[in-house]
Amino acid sequence: MNAITKPLSRIEIVMQAVRSRIAARQYVPGSRLPSVRAQAKAMNCSVSTVVEAYERLVAEGVVKARAGSGFYVAGVIAPLDLSELGPRLEREIDPLWLSSQSLETDSSTLKPGCGWLPPSWMYEEGMRRALRYMARSETSDLVDYGTPQGLPALRQVLARRMAGLSIEATPEQIMLVDSSTQAIDLICRFLLKAGDTVVVDDPCYFNFHALLRAHRVNVVGVPYTSQGPDVTVFAQIIEQHKPRLYITNSGIHNPTGSVLSSVTAHRVLQLAEHANLTIVEDDLFADFEWQPAPRLAAFDGLDRVIHIGSFSKTLSAALRCGYIAAKPEWISGLTDLRIATSFGGGRLAAEVTLHVLTGSGYRRHMETVRTRLAQALERLLPRLRKLGIEPWLVPQAGIFLWCRLPEGADATRMARYCLQHDVVLAPGNAFSQSHQAEDFLRFNIAQADDARLFEVLAKSLRH
């Protein structure tokens with residue numbers, strides 16, 4: 001028999017709220033807690049309830065009372081524990097859990113929930129050719145630091161690639177980084193402070209959630225449609241929350257596979273202009289497109305849009321090379337910040353990336369990958385539909401398929417079951433700020449072509 005959980009009293013609810021804010025570093029050691037009247041008003045309870053809660057926290061050593069001054073957080077600052085900042089009731093919906101399972105399992109485990117191509121799909125031949133070329137290069141190319149802003153020749157190539165997407169950027173407006181994740185981390189350090197509000201798509205790439213937790217900002221999700229973010233809700237969020245930043249995918253959206261429409265892009269930029277909102281546009285999947293979709297940075301001219309990307313999905317996850325494109329004054333500040341946090345750039349990675357991108361084989365490699373993905377999607381759709389799993393939309397390109405489960409199925413429960421049978425799934429709530437995607441799974445089209453997957457899925461639906 002399951003034990004009956006006793007509901008928390010109002011005093012315990014206040015205590016729990018204070019402890020959570022301390023764990024999340026919203027209340028740091030030495031900072032003053034809200035006055036008892038302010039806390040009572042914020043939590044819709046009596047002043048006496050807050051007084052008793054604060055006094056109990058004093059007794060526990062969590063808080064110190066100063067006569068005539070108020071209550072203050074006690075102790076020294078503890079290491080940041082991201083797991084304490086998110087929901088713990090369903091560990092499978094935690095973005096860090098999903099990353100760990102995808103990265104730590106061995107090659108015998110099926111990974112339809114991971115976010116990258118199988119090793120056999122990557123551009124191994126081109127990578128080996130570039131590495132052989134680098135082995136014959138000058139010693140300085142192999143052992144020296146890169147320049148703070150990054151290899152000039154690669155930045156020139158990236159500027160030309162962006163021009164193909166109608167994004168006007170000079171090499172001076174581009175800075176190289178290790179990855180898209182590092183790009184967002186630097187941008188958050190540069191533009192945000194703890195307590196600021198950031199808008200993300202709902203659903204969105206799950207690691208956005210984990211990264212933003214580390215920056216101790218408020219995160220608000222805007223529903224994502226087949227045309228882009230819901231602009232009506234977006235306007236309401238801007239009015240209510242006054243966000244500083246909006247982080248989204250351009251081109252192919254992760255996890256839905258949808259494409260931003262021109263109409264939605266213009267409306268989003270109008271709202272951002274009115275609210276002085278900065279937009280970070282993650283273009284990680286550009287090379288998977290058959291035809292370029294609209295880019296916010298193209299319409300905006302890199303005024304309030306920051307355009308980022310990397311090559312971990314198409315060249316090699318072991319090769320850490322990405323970029324940030326922004327207006328010159330921001331690139332200057334971001335370059336200084338990168339020097340402070342990681343000193344020089346990854347010169348060897350940049351040289352290898354340059355050699356691969358300017359070689360004759362990369363374009364043909366990506367044409368092959370796009371064709372293989374289209375063929376794999378044709379095989380995947382009927383196999384999923386046979387199980388009652390339906391796509392939210394059929395994507396034009398890309399590696400992801402966002403699917404709704406049969407009525408009554410729970411993605412988190414399925415993920416637990418499938419993991420016991422060496423299959424890693426990506427439950428919908430890992431991508432959803434509102435946690436309203438419990439009946440969705442994201443499938444990696446390139447990693448979902450094994451008969452064993454569908455046997456395990458069928459069993460999990462009956463389990």
Side-chain angles (χ1 to χ4, degrees), residues 90 92-93 95 97-98 101-102 105 108-118 120-121 201-206 223-227 249 252-259 285 288-290 313 369-432 435-463:
E90 298 292 341
E92 278 70 21
I93 67 173
W97 176 93
L98 183 52
Q101 297 303 326
S102 296
T105 50
S108 65
T109 301
L110 302 182
K111 301 177 183 179
C114 80
W116 51 86
L117 295 175
S120 61
W121 287 47
D201 300 323
D202 194 348
C204 72
Y205 172 43
F206 57 78
Y224 207 80
T225 75
S226 60
Q227 304 295 312
N249 287 124
I252 303 167
H253 184 258
N254 181 9
T256 67
S258 60
V259 172
F285 302 103
F288 290 105
E289 291 179 294
W290 290 103
K313 308 302 183 186
V369 169
R370 289 192 290 268
T371 300
R372 292 182 71 178
L373 283 169
Q375 293 169 346
L377 179 60
E378 287 184 5
R379 294 190 297 270
L380 177 59
L381 288 171
R383 298 170 91 173
L384 290 176
R385 284 171 170 151
K386 187 176 180 180
L387 298 174
I389 301 174
E390 289 289 337
W392 183 69
L393 61 76
V394 177
Q396 300 175 15
I399 65 175
F400 298 128
L401 187 66
W402 183 241
C403 291
R404 187 185 296 276
L405 299 173
E407 185 175 355
D410 181 270
T412 299
R413 186 174 65 248
M414 288 179 63
R416 284 203 200 100
Y417 178 88
C418 290
L419 186 61
Q420 295 172 0
H421 295 79
D422 298 323
V423 175
V424 177
L425 297 182
N429 273 348
F431 305 87
S432 175
H435 283 198
Q436 297 299 309
E438 65 276 358
D439 57 344
F440 278 86
L441 286 172
R442 187 197 71 180
F443 287 95
N444 183 327
I445 297 166
Q447 299 270 10
D449 208 11
D450 190 304
R452 183 159 57 100
L453 165 63
F454 304 97
E455 295 173 4
V456 175
L457 284 174
K459 292 177 181 177
S460 71
L461 288 168
R462 296 193 299 265
H463 180 69

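Worth knowing before you read on, the calculation uses all heavy atoms, side chains too, and leaves out hydrogens, waters and symmetry mates. Treat the numbers as computed from the prediction; the structure is a model and nothing was measured. Each residue takes its place number in the sequence, starting with 1.
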Problem - Spacing of Thr412 atom OG1 and Arg416 atom CZ [to the nearest 0.5 Å] - result: 6.5 Å
Problem - Pairwise distance CG(Leu377) to CZ(Phe443) - rounded to 0.5 angstrom - result: 12.5 Å
Handout entry: Tyr205 to Pro255 - nearest heavy-atom pair and separation
Key = N-CD, 4.5 Å
Exercise for the section: With rounding to the nearest 0.5 Å, note down the distance linking CZ in Phe454 to CG in Leu110. Expected result: 10.0 Å
Exercise for the section: Looking only at non-hydrogen atoms, find the nearest pair between Ser258 and Ser226 and report the distance. Expected result: CB-O, 3.7 Å
Practice task
Using modelled atom types only, decide if a donor and an acceptor are shared between the side chain of Asn444 and the backbone of Gly113 within a distance under 3.5 Å.
Solution key: no
Exercise for the section: Report yes if the side chains of Phe288 and Val369 come closer than 4.5 Å at any heavy-atom pair, otherwise no. Expected result: yes
Handout entry: Electrostatic pair Arg383-Asp449, nearest N-O below 4.0 angstrom
Key = yes
Exercise for the section: Quick one: pull up CG in Leu453 and CG in Leu384 and give me the separation to the nearest 0.5 Å. Expected result: 7.5 Å
Practice task
Decide if atom CD of Glu438 counts as having more than 12 heavy atoms of other residues, nucleotides or ligands within a radius under 6.0 Å.
Solution key: yes
Handout entry: Val259 side chain near Glu289 side chain, heavy-atom distance below 4.5 Å
Key = no
Practice task
Would you mind reporting whether Arg370 and Trp290 have side-chain heavy atoms less than 4.5 Å apart?
Solution key: yes
Fill in the blank from the handout: When rounded to the nearest 0.5 Å, the distance separating CZ of Arg404 from CG of Leu441 is 12.0 Å
Practice task
For residues Pro112 and Val423, determine if any side-chain heavy atom of one lies less than 4.5 Å from a side-chain heavy atom of the other.
Solution key: yes
Exercise for the section: Heavy atoms only: give me the nearest Ala446-Leu117 pair and the separation to one decimal. Expected result: CB-CD2, 3.7 Å
Exercise for the section: Could you tell me which non-hydrogen atom of Cys114 sits nearest to which non-hydrogen atom of Gln447, and how far apart they are? Expected result: SG-NE2, 3.5 Å
Exercise for the section: Answer yes or no: is there a side-chain heavy-atom contact under 4.5 Å between Glu390 and Pro406? Expected result: no
Exercise for the section: Answer yes or no on whether Arg372 is positioned over the face of Trp121, meaning its NZ or CZ is under 6.0 Å from the six-membered ring centre and within 45° of the axis. Expected result: yes
Exercise for the section: Report yes if the side chains of Asn429 and Phe206 come closer than 4.5 Å at any heavy-atom pair, otherwise no. Expected result: no
Exercise for the section: Verify the distance criterion only: is there a donor paired with an acceptor across the side chains of Ser460 and His463 at less than 3.5 Å? Expected result: no
Problem - Test item: Cys403 and Leu401 side chains (from C-beta on) under 4.5 Å apart, heavy atoms - result: yes
Handout entry: Aromatic plane relationship, Trp402 with Phe440 - under 30° parallel, 30 to 60° tilted, over 60° perpendicular
Key = parallel
Practice task
Might you point out which heavy atoms bring Asn249 and Asp201 nearest each other, and give the distance in Å?
Solution key: N-OD2, 4.1 Å
Practice task
Of all the heavy-atom pairs spanning Leu461 and Ala409, show the shortest one and how long it is.
Solution key: CD2-CB, 3.9 Å
Handout entry: Donor-acceptor contact below 3.5 Å, side chain Lys313 vs main chain Gly115
Key = yes
Practice task
Begin with the C-alpha distance, continue with both residues' side-chain angles, and end with the deciding distance and a verdict on side-chain contact (heavy atoms from CB on, under 4.5 Å) for Tyr417 and Leu425.
Solution key: CA-CA 10 Å; Tyr417 178 88; Leu425 297 182; over 6 Å; no
Handout entry: Point-to-point distance, once rounded to the nearest 0.5 Å, from CD of Gln436 to CG of Asp202
Key = 8.0 Å
Problem - Derivation of the side-chain contact (heavy atoms from CB on, under 4.5 Å) call for Asp410 and Asp439 - result: CA-CA 5 Å; Asp410 181 270; Asp439 57 344; over 6 Å; no
Handout entry: Side chain to side chain, Arg442 and Asn254, heavy atoms closer than 4.5 Å
Key = yes
